[in-house]
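Here is the structure we will look at.
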Amino acid sequence: MNYPVSQSYMKCIDSFIESGEIDSVTALQCISAEVTKAETNSRQSLETLFLIYCATLVFLMQAGFAMICSGCVRKKNVQNTILKNLLDVCGSSLAFYFVGYAFAFGGDPNKTSFIGNSNFLLMDTAADSTSNAILYAHWLFHFAFAATAATIVAGTLAERCQMNAYLLYSIMLTGFVYPVTVHNIWSRSGFLSILNPKPLFGNGMIDFAGSGVVHVTGGFTALIATKLLGPRKGRFYNDRGEKLRRPNLLAGHSKSLQMLGSFILWFGWFGFNAGSALKIGSNLNTIVIAKAVANTALAGGSSGVTALLVNLFVTERKTGEPVYKLAAAMNGCLTGLAAITGSCGIIEPWAAVMIGAVAGLLYLFTSNILEKVCIDDAVDAIPVHLAGGSWGVIATGLLASPRGLREMYGYSMNHVGWFYSWGRGSGDFTIMGCQIVGLLCILFWTFSVMTPFFLFLNYMGMLRSDSLEEIVGLDVSYHGYTPHTMDGEVRNEDLEEYYRKNKRYEKVMVSDEEIDMDNVDRFE
C-alpha cells in the first residue's frame, strides 16, 4: 500500500473509532476523499517547487546580464555598469511587490480590464497555506521576469546615464509599464489574453514566455532611451561635433566576461521558458515543458551558427579576409533565444530551428541599421531583444502547431498558425492577426509612457551624465575609483580638469605614480 493511501486509511479509521461507528461505504468514501486531497496537495507542492526552481534560474540571468554589460564597457565604467544591474533587481523587487504584481494579476478574472486593481503588497492571501505558497512562488517567478525586462536597458545606456535616472527608470518600468503589458496578455482579464472568456478575435494573443511581454517591452524601452540619451562621446562624432567617416568601436575590455554572461543567460533561459508552462502536475504539461527546453536549445544554436557564418561570408566578400566574429555568434544566440521565447512550448522542433535561423539574420541586419542611423547600443540589446522579440511574436502566429496548442491548452483550438492554415487550404489569419495587434499594443503602450518619462528626465537634467564625467569615466565621478588601473583609457589632463572642477582632491594626478593616497579607491 503506497504512502498516501495508507495514511488516508489510518486517518479515516481513527475518525471512525472516535465516533464509534464503522460503515464500509462511508469508510471507502472517506478514504477516497482523503487520497484525492493528498494527491492534490502533492501536485500543488510539486508545482510550487518547480516554479521556485525556474524562478531561481531566471534570477541567475541577472548575473549573465551583469557579466555581458561589464565586459562590453571600458574599464573606467565597470563598477557603474554592474551597480546599475544590481539596482535593477533591488528597485524591481520593491516596485513589483508594492504595486507591480497587483497591476499585473489583480482584479476580477471574469471581467475584462486594462490594469489590475487588487492584491497590492500581496495582501489578498488565501485561507490555506498551500494556495499562499503558490501565490508567493508565482510572485517570485514574475518578479524575476520584471527584473529581466528592466535589465535589458542597462547595457544600452552604459557609460553615459546618470545613476538616479536609471533607478527611477527601473521602478517606473517594473512598477507600472511592464505590469500593464503582463495584465493584458497573461492575465485572464486582459483584453489581449488567450485566457480571457471573450478573447480577441475569438482566440487572443499567444506569448508563451514573453517574446513580446518581456523582450519587446525592454528592447523598445532601450531604443527610446538611447535615442533621447544620444551616443557616447567619440562613437559617431568627433570633439567638434562632426560625423566620423567610420564609427569608432569603443570596444569593451573583456570578451571573456561577455562569453561567460552569454552562457549564463542561455542556462537561465531554460528556466525562463520551462517555468512559463506553470504546471507540472500532468503528463500534458510535462510534454510542453520538455518541448519548450528542447526548442530553446535548438533556436539558440541555430541563430548563433547563422549569425556567425553569414557575418563571415559578408565580411569576406567586403574585405577579402574571413573573420569569425565572436560578438556575432554570442548575440546571434541570444537573439534566437529571445525569438523562441514566444512559442517554444507550442511549435515543433523543426520550426525552432527555422525561427533561430531567421533571428540570426535579423540580428545582423538590425545591428547594422542602428549603426548607420547613429544609435549607440553598447551591448547590442536592441537587436537582440527588440528585433528578436518582435520576430518571436510574429513567428508564433505563423508556426503555432495544432498539436502544440492542444498539448498546451488541453483542447483542439479552432485556429492554428498561418503555415498550418495554408496546409489545410484555409489561410486562416486569426492567430497572426492577434499577434500583430498585440505587438502594436505593446509598442504603443511602451512608447506612450516611457517617451514622456525620459523626456522629463532629460528636461530636468537628470538623464545624461556631465560630459567631463563621461570622459574620465563614471567609476571616477560616481564611485571614487582610482584611475591608475585604467590602462590609458583616461588622459591625465582630463583628470586634472575634472579634479579641479569638482575640488575633490588636494593633489592632482599627473602620472601613474602621483596619486593622492588619501583618496584611494574605496572599492578595493
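In what follows, every heavy atom counts, from backbone to side chain, and hydrogens, waters and symmetry copies are set aside. Given the structure is predicted, the values throughout are model-derived calculations rather than measurements.
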| Looking only at atom types and distance, does a side-chain atom of S254 sit under 3.5 Å from a main-chain N or O of G71, one as donor and one as acceptor? | no

| field | Side chain N295, main chain A352, donor-acceptor under 3.5 Å | value | no

| said: Could you check whether any side-chain N or O of S70 sits under 3.5 Å from a backbone N or O of M67, counting only pairs where one atom can act as donor and the other as acceptor? | reply: yes

| Rounded to the nearest 0.5 Å, what separation is found between the OH atom of Y498 and the CD atom of E470? | 13.0 Å

| query | Hey, is the main chain of V393 close enough, under 3.5 Å, to the side chain of Q435 for a donor-acceptor pair? | reply | yes

| field | W139 to S93 - nearest heavy-atom pair and separation | value | CZ2-O, 3.7 Å

| request: May I ask you to say whether R491 pairs ionically with E496, meaning some side-chain N is under 4.0 Å from a carboxylate O? | output: no

| message | Tell me whether the count of non-hydrogen atoms from other residues, nucleotides or ligands lying under 6.0 Å of CZ in F114 goes above 12. | response | yes

| Nearest non-hydrogen partners of L474 and H479, listed with the distance | O-CD2, 3.6 Å

| task | Would you please say whether a donor-acceptor pair under 3.5 Å links the side chains of N77 and E159? | result | yes

| query | Which value, rounded to the nearest 0.5 Å, describes the distance between N458 atom CG and L229 atom CG? | reply | 8.0 Å

| Any chance CD of E321 has more than 12 other-residue heavy atoms, nucleotides or ligands included, within less than 6.0 Å? | no

| query | Taking C-beta and beyond as the side chain, do L439 and S390 meet within less than 4.5 Å on heavy atoms? | reply | yes

| message | Taking the six-membered ring for Trp, are Y166 and Y169 closer than 6.0 Å centroid to centroid? | response | yes

| Taking atom CZ of F120 as the centre, does the number of heavy atoms from other residues, nucleotides or ligands within less than 6.0 Å exceed 12? | yes

| message | Checking T226 against D377: is there a side-chain donor and acceptor pair closer than 3.5 Å? | response | no

| said: Whether the N80 and Y478 side chains hold a donor-acceptor pair (N or O, under 3.5 Å, no angle test) is what I'd like checked. | reply: no

| Do W445 and F176 make the cut of ring centroids closer than 6.0 angstrom? | yes

| task | Please report the C-alpha distance between E489 and R74 in whole Å, then the side-chain angles of each, then the deciding distance to 0.1 Å, and finally whether the side chain to side chain contact (heavy atoms under 4.5 Å, CB included) criterion is met. | result | CA-CA 8 Å; E489 290 182 350; R74 291 162 288 181; 3.3 Å; yes

| Test log, rule side chain to side chain contact (heavy atoms under 4.5 Å, CB included), inputs Q162 and R464 | CA-CA 5 Å; Q162 290 191 37; R464 181 152 187 157; 5.7 Å; no

| message | Show the nearest heavy-atom pair for residues T156 and A381, with the distance to one decimal. | response | OG1-CB, 3.3 Å

| Looking only at atom types and distance, does a side-chain atom of T319 sit under 3.5 Å from a main-chain N or O of E316, one as donor and one as acceptor? | no

| task | Decide if the gap between the ring center of F141 and the ring center of F145 is smaller than 6.0 angstrom. | result | yes

| task | Report yes if the side chains of K243 and C374 come closer than 4.5 Å at any heavy-atom pair, otherwise no. | result | yes

| task | Could you tell me whether a side-chain N or O of H183 sits under 3.5 Å from a main-chain N or O of A104, the two making a donor and an acceptor? | result | yes

| Positive for side chain to side chain contact (heavy atoms under 4.5 Å, CB included) with W269, one of L334, I340, V293 | L334

| task | Could you label the plane-to-plane angle of the F96 and Y178 rings as parallel, tilted or perpendicular, counting under 30° as parallel and over 60° as perpendicular? | result | tilted

| So with a 6.0 Å cut-off around CZ of F453, is the heavy-atom count from everything else above 12? | yes

| Run the ring pair (Phe, Tyr, Trp, His ring centres under 6.0 Å) check on H215 and F272 step by step: do they pass? | CA-CA 12 Å; H215 297 285; F272 199 100; 5.7 Å; yes

| task | Identify the two heavy atoms, one from P179 and one from L173, that lie closest to each other, and give their separation to 0.1 Å. | result | CD-O, 3.5 Å

| request: For M432 and L398, run side chain to side chain contact (heavy atoms under 4.5 Å, CB included): C-alpha distance rounded to whole Å, both residues' side-chain angles, the deciding distance at 0.1 Å, then the answer. | output: CA-CA 6 Å; M432 181 65 82; L398 181 64; 3.7 Å; yes

| query | Any donor-acceptor pair under 3.5 Å linking the side chain of S343 with the backbone of I346? | reply | no

| message | Please determine whether the number of non-hydrogen atoms from other residues, nucleotides or ligands lying under 6.0 Å from atom CZ of F429 exceeds 12. | response | yes

| query | Taking S367 for the side chain and L364 for the main chain, is one N or O donor matched with an acceptor at less than 3.5 Å? | reply | no

| message | Does either side chain, that of Y363 or that of D380, offer a donor lying less than 3.5 Å from an acceptor on the other one? | response | yes

| Nearest-0.5 Å distance, CD1 of residue I152 to OG1 of residue T221 | 8.5 Å

| request: Could you pull out the closest heavy-atom pair between A328 and A307, with the gap in Å? | output: O-CB, 3.3 Å

| From T174 atom OG1 to H142 atom NE2, the distance as rounded to the nearest 0.5 Å | 14.5 Å

| said: For the residue pair N85 / T151, report whether a side-chain donor-acceptor contact shorter than 3.5 Å exists. | reply: no

| field | salt_bridge(E371, R235) N-O dist < 4.0 Å | value | yes

| said: Whether the side chain of S211 engages the backbone of G392 through a donor-acceptor N/O pair (distance < 3.5 Å, no angle test) should be reported. | reply: no

| request: Could you tell me whether a side-chain N or O of D207 sits under 3.5 Å from a main-chain N or O of G210, the two making a donor and an acceptor? | output: yes

| query | What's the verdict on side chain to side chain contact (heavy atoms under 4.5 Å, CB included) for F220 and I442, showing C-alpha distance, side-chain angles and the deciding distance? | reply | CA-CA 9 Å; F220 194 49; I442 294 171; over 6 Å; no

| field | Derivation and outcome, salt bridge (Lys or Arg N to Asp or Glu O under 4.0 Å), residues K233 and D376 | value | CA-CA 10 Å; K233 287 191 174 297; D376 184 15; over 6 Å; no

| task | Side-chain contact test, heavy atoms from C-beta onward, threshold under 4.5 Å: evaluate it for V89 versus F59 and give yes or no. | result | yes

| remark: Which of Y97, F98, F105, F103 passes ring-ring contact (aromatic ring centres under 6.0 Å, His included) with Y101? Answer is F105

| remark: d(S477 OG, D466 CG) to nearest 0.5 Å is 8.5 Å

| field | Euclidean distance, R232 CZ relative to N248 CG, rounded to 0.5 Å | value | 9.0 Å

| Shortest non-hydrogen separation from V310 to L361 and the atoms involved | CG2-CD2, 3.6 Å

